[in-house]
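Each chain gets a letter, A, B and so on, in the order its sequence line appears, and its residues count up from 1.
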Protein chains: 2
Amino acid sequence: MAEGATAVTSKPTYSISDLAREFSITTRAIRFYEDKGMLSPARRGQTRVYRPEDRVRLKLILRGKRLGLSLEESAEIINMYDPAHGNVEQIQRLLDSIRTKRARLQEQLQDIHALMAELDEAEARCLENLSTESLNK
Amino acid sequence: MAEGATAVTSKPTYSISDLAREFSITTRAIRFYEDKGMLSPARRGQTRVYRPEDRVRLKLILRGKRLGLSLEESAEIINMYDPAHGNVEQIQRLLDSIRTKRARLQEQLQDIHALMAELDEAEARCLENLSTESLNK
DNA sequence: CTTGACGTTTACGTTAACGTAAACTTTTGC
DNA sequence: GCAAAAGTTTACGTTAACGTAAACGTCAAG
């Protein structure tokens, strides 16, 4: 089961270690995300069978991690993609959390730009030091 | 000691709770950062006295947190601001880690833009649902 | 037919980043 | 001058996010 494709015409499936390899994580982590209700792969007997939608969800989880989100926060975001969300109040609260997330992302953008500028300076100082260092030889 | 300024002409100082209030964290957290070697405020007797440089360091720590960095990663970045870094090898390794950090920040930028786009879509779907919902009344 | 690669569940261990509490001293407002 | 507020150290508790290990099933290859 090196490649998960059953037929080129149908949707591909993946084993747990396929996904683990692709994203450089452990199978333990993937099962952990399932325990947390963030993944619910199909089963062939006992064995987990992942479909493209599961793979996308996993990608979203990992993107969240790269952004420093907790699994719970990622779960919240992923649930935003869901079909319908019942009543008006629920939708309002969803809108709220969307806007809150956006605000936090804006903050992160500022932080990243600031930090990048400082990395530039630090790099410049390094190069400076390297050149003066070579003069001492 | 409501305001930390001893004299307007000299550099201001801050108590631990001044900083805790300003950044909405606990004094426990601040002492914890000190335990980790990330802060080393002056002392007046037993009492910690923070100077502007300490405050800046704290800001850098918190910015790191917003970006999902571990305290260790933040410490590494903060140390990049230090005066001289000895020999050429050290500087080379510093340059390496600067470039690695930059790459990770670029990743984060991509992730943020992607996520923001998806938040836009999610918001649109919400508003859509709200309008169709109101028709059902 | 057994070995090895892959899968499963269950459960205890670990690390980071603090929270919480106790027990005590020091400073400050009135 | 004394209670309340703020400071200190020491130490155990907690949560998230897995790691690690045990103990077992399954199936294709040699």
According to side chain to side chain donor-acceptor pair (under 3.5 Å), who are the partners of [X], at least two apart in sequence or on a separate chain?
X        : answer
Ser40(B) : none
Glu22(B) : Arg55(B)
Thr26(A) : none

Short heteroatom pairs, N/O only, protein and nucleotides 1-7 of chain D, under 3.5 Å:
residue: dG7(D); atom: OP1; partner: Ser15(B); partner atom: OG; Å: 3.3
residue: dG7(D); atom: OP1; partner: Ser17(B); partner atom: N; Å: 3.4
residue: dG7(D); atom: OP1; partner: Ser17(B); partner atom: OG; Å: 2.3
residue: dG7(D); atom: OP2; partner: Ser17(B); partner atom: OG; Å: 2.8

Return the set of residues passing side chain to side chain contact (heavy atoms under 4.5 Å, CB included) with [X] (not counting sequence neighbours), or none when no residue passes.
X         : result
Ala20(A)  : Thr27(A), Ile30(A)
Gln106(B) : Met116(A), Leu109(B)
Glu34(A)  : Leu39(A), Pro41(A), Arg43(A), Arg48(A), Tyr50(A)

Inset, instruction - Starting at atom CZ of Arg44(A), determine the distance to atom C1' of dT26(D), rounded to an integer number of angstrom. - result: 11 Å
Legend entry - Whole-Å distance separating the CZ atom of Arg43(A) from the P atom of dT26(D): 14 Å
Donor-acceptor list for residues 60-71 of chain A side chains, cut-off 3.5 Å, not counting sequence neighbours:
residue: Arg63(A); atom: NH1; partner: Glu118(B); partner atom: OE1; Å: 3.1
residue: Arg63(A); atom: NH1; partner: Glu118(B); partner atom: OE2; Å: 3.2
residue: Arg63(A); atom: NH2; partner: Glu118(B); partner atom: OE1; Å: 2.6
residue: Arg66(A); atom: NE; partner: Asp111(B); partner atom: OD2; Å: 2.7
residue: Arg66(A); atom: NH2; partner: Asp111(B); partner atom: OD1; Å: 2.9
residue: Arg66(A); atom: NH2; partner: Asp111(B); partner atom: OD2; Å: 3.4
residue: Ser70(A); atom: OG; partner: Glu72(A); partner atom: N; Å: 3.4
residue: Ser70(A); atom: OG; partner: Glu73(A); partner atom: N; Å: 3.1

Legend entry - Criterion side-chain contact (heavy atoms from CB on, under 4.5 Å) on Arg57(A) and Tyr81(A), from CA distance to verdict: CA-CA 10 Å; Arg57(A) 276 176 160 263; Tyr81(A) 296 88; over 6 Å; no
Legend entry - Under 4.0 Å protein heavy-atom contacts per nucleotide of nucleotides 14-23 of chain C, with B for base, S for backbone only and - for none: ---BBBB---
